[in-house]
Amino acid sequence: MTSVADGGTVPAANGTSSVPNEDVPLAELNTKIKSGKATKRKTQDSNGGSKPKRKATAKVVKDESDDDVPLASVQSPEKPKKNRKDGSKSKTKIKKEDVPNGKAGSEDVKSESEGKKPKKEESEQPGRQGEDEEADEAFKWWEAMDVDGEQKWESLEHNGVIFPPEYEPLPSHVKLYYDGVPVDLPIEAEEVAGFFAALLETDHAKNPTFQKNFFEDFCKVLKDAGGCNVNIIDFNKMDFSKMHAYFEMLKEQKKMMSRDEKKALKLEREKFEEPYKFCLLNGRREQVGNFKIEPPGLFRGRGAHPKTGKLKKRVYPEDVTLNLSKGVKIPDPPAGHKWAEVRHDNTVTWLAMWKENITDSFKYVRFGNTSSVKGMSDFKKFETARNLKYHIDAIRKDYNKMLKDPLMQNRQMATATYLIDIFALRAGGEKGEDEADTVGCCSLRYEHVTLKPPNKVIFDFLGKDSIRFYQEVEVDPQAFKNLRIFKKPPKQPGDDLFDRISPPMLNKQFQTYMKGLTAKVFRTYNASKTMQDQLDLIPNEGTVAEKVVKFNAANRTVAILCNHQRTISKTHSAAVEKIHDKLRELQWQKIRIKRMILQLEPNLKKKEPKYFEEIDDLTKEEIKAVHEAVLEKQRESVRRRFQRENEKLSAEKKPLLEESELKERLSKVDELAEEYKEELKTNKPVVKKSATVEKLKTQVETLENRITNTTFQLKDKEDNSEVSLSTSKINYIDPRLTVVFSKKFGVPIEKLFTKTLRDKFKWAIESADENWRF
DNA sequence: ACTGAGACTTAGTACAGTACTC
DNA sequence: GAGTACTGTACTAAGTCTCAGT
């Protein structure tokens with residue numbers, strides 16, 4: 001069995017490894033580079049030169065480092081010997097106890113049988129399994145796991161996919177208008193126009209690229225369908241408002257349906273979907289994920305996607321390839337249709353597949369997240385990440401050393417690894433001209449990194465999903481020097497910083513340290529490691545609610561590390577403003593009561609100066625604003641109560657209250673207003689006769705508590721407004737960490753995982769005990 | 001050695017469903 | 001109990017990474 005000692009004995013990284021061989025003159029190096037990555041890059045000029053985007057071949061960086069070290073040699077990254085098909089499968093089993101020396105996961109760990117039935121026996125009796133749902137539910141793959149190997153399943157049977165319903169034409173009175181004229185669209189074109197009409201009020205519909213792409217595709221569909229009564233040539237003359245209104249009306253109708261109607265509809269839908277929801281995987285009933293074929297519509301690309309708004313075509317059975325066991329029943333295609341193809345490939349995990357017309361890529365129907373296949377791969381992912389802890393020290397040591405390597409390529413490798421490790425950047429592969437311009441580590445360009453000596457770096461770029469990555473950070477001095485070199489002229493905006501490396505090269509390098517190590521593993525590792533460290537800091541005290549808050553705070557650190565964002569909800573700023581107002585009012589109340597105390601006992605001010613320090617914290621203007629808000633609130637509540645009382649009286653058929661009564665009640669508020677006005681001048685609030693210093697001080701205390709709570713609430717709201725916790729919880733934080741926290745701190749798992757997550761992470765919930773560590 | 005196809009994970013958003021407030 | 005705010009789920013786009021074919 002391999003042990004932790006491995007960590008220290010892994011082969012050194014390229015460039016720092018023993019033999020300084022294969023020295024190649026620089027000239028040759030350049031050729032290599034050119035024939036490699038650089039040639040792939042499309043030239044700016046080819047697309048009209050609108051954006052200062054990818055330049056042609058990045059200029060060769062001067063053969064000098066900061067220290068004028070010549071770039072000496074090229075070393076082709078060592079080819080990791082791989083032997084995928086050696087057929088030897090290693091059985092692994094999630095164990096209750098952590099292996100002391102840590103090797104688990106994909107390395108060979110013998111699975112103690114512990115009397116568990118081998119999987120094979122079970123799957124040979126699908127019939128029996130099928131009868132007993134309990135048995136299905138209870139199957140614990142994590143106690144009999146075969147994680148390695150090419151083959152993904154033994155047997156697979158399913159009922160195919162659900163196609164979206166055929167298009168139903170609009171009622172004849174609902175039309176598109178062009179230049180004020182109602183248009184008789186052929187049904188195909190009407191459908192496409194409808195797609196746009198449905199989005200009329202969204203940002204997409206206002207996006208010129210979206211409009212242009214939509215219009216092009218719409219015109220083509222219209223032409224192919226034989227045209228219409230009007231000559232449509234100008235998008236701006238199209239009026240979708242009638243169509244839009246119709247869709248809104250339908251939505252409204254749906255909303256207005258009674259509870260029972262909705263329920264019945266839902267039941268019917270579920271009954272129809274039932275057969276597609278499950279499949280037979282190795283003889284066990286398991287969930288299918290997305291069994292619905294994506295409906296046609298307009299492509300909603302994120303960020304500045306050149307293809308956004310294009311028509312995503314309807315998918316027919318003739319486009320769909322099925323995958324299932326040989327010899328099992330092939331689901332019938334919809335009447336009058338046939339499948340594109342039926343495959344029997346057990347090395348993949350999809351049940352159906354089709355090609356999508358926008359980006360020319362594949363879409364898959366897969367197993368659900370609760371399935372054993374997905375669960376195993378999730379488990380494997382976390383074990384790989386966990387395994388990194390035995391190698392990370394060596395890796396860090398090596399790249400820190402290699403930051404000074406004379407060879408430019410090696411410096412870039414080291415610097416990229418550093419950024420990926422420390423700032424959790426993604427690998428950043430090449431992207432095409434017909435995609436949104438987003439970057440990751442290897443595709444960072446000149447303009448994405450600003451250097452501020454001595455060692456401050458500002459990253460500012462759009463990452464995956466066009467989410468902005470903005471960070472001002474201090475970096476390792478050598479990394480700083482390197483970035484400066486990578487930016488040296490003749491490089492200029494538009495040029496790649498890392499022009500001599502690519503994600504595959506990085507990954508190849510990583511594999512020399514550890515099997516399965518790739519760039520993305522660093523994100524998983526650092527995320528889970530961070531979570532573990534944060535959880536370790538939480539004291540086991542307080543209420544469940546308090547513990548949950550602290551857990552979420554730990555979760556948030558991870559989310560921030562991974563730059564997981566969400567758009568601020570429309571109501572957010574209003575909600576924040578509300579809390580701010582509330583806080584100011586509380587503050588005012590507190591000050592007011594303290595002033596009352598001073599009226600009762602003026603000499604206290606000298607005795608306890610600290611306590612009364614804050615009584616002048618609010619300006620007159622602020623106080624006035626609070627007064628107005630408070631008074632307005634009171635008036636509003638008086639009016640509301642008046643109205644409610646009247647409604648009640650009216651229901652009881654009794655005479656209503658007179659308007660004069662309302663005036664009478666409102667005048668009480670006016671009296672208060674006068675009182676406040678006076679108070680604003682004198683700074684002496686009226687003190688109730690019954691008040692004592694004791695009582696008032698208690699009131700101050702209560703207010704202070706409320707202020708603390710509200711401040712906390714506000715901070716939480718603001719901190720969370722742009723941070724999405726769920727992504728890291730679903731993808732990056734080893735679920736066993738959460739399970740351990742739950743067990744150790746006595747927080748019900750329901751408070752930490754939603755139902756779906758509990759199903760997804762069942763393996764973790766049932767396998768981790770409270771001593772488990774990442 | 002390079003490239004693109006293919007397959008899988010990761011990601012934010014829209015919207016439905018639920019909880020909370022007045 | 002209606003209206004509103006928040007939460008969870010469904011959806012599908014956008015990444016990463018491997019491998020086969022040239």
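To find a chain, count down the sequence lines: A is the first, B the second, and so on, and within it residues start at 1. None of these values were measured; they are calculated from a predicted model.
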Distance, rounded to the nearest Å, where [X] contributes [atom1] and [N] contributes [atom2]:
| X | N | atom1 | atom2 | answer |
| --- | --- | --- | --- | --- |
| Asn357(A) | dA13(C) | CG | C1' | 14 Å |
| His204(A) | dC15(B) | NE2 | P | 10 Å |
| Ile467(A) | dG15(C) | CD1 | P | 10 Å |
| Glu294(A) | dA13(C) | CD | C1' | 9 Å |
| Lys277(A) | dA10(C) | NZ | C1' | 12 Å |
| Asp360(A) | dA5(B) | CG | P | 7 Å |
| Lys307(A) | dA14(C) | NZ | P | 11 Å |
| Lys729(A) | dT9(C) | NZ | P | 11 Å |

Check whether any side-chain nitrogen or oxygen of [X] sits under 4.0 Å from OP1 or OP2 of [N], and answer yes or no.
| X | N | result |
| --- | --- | --- |
| Arg300(A) | dT13(B) | no |
| Ser377(A) | dT9(B) | yes |
| Thr518(A) | dC17(C) | yes |
| Thr754(A) | dT9(C) | yes |
| His305(A) | dA14(C) | yes |
| Lys292(A) | dC11(C) | yes |
| Arg426(A) | dA11(B) | yes |

Discussion item. Heavy atoms only, 4.0 Å cut-off, all strands: where does Phe299(A) land among base, sugar-phosphate and nothing?
Written reply: sugar-phosphate
Discussion item. Once hydrogens and angles are ignored, does a donor-acceptor distance under 3.5 Å link the base of dT9(B) to the side chain of Lys520(A)?
Written reply: no
Response to the item:
5'-most contact on DNA chain B (nearest-nucleotide basis), Lys254(A) vs Met353(A), goes to Met353(A)
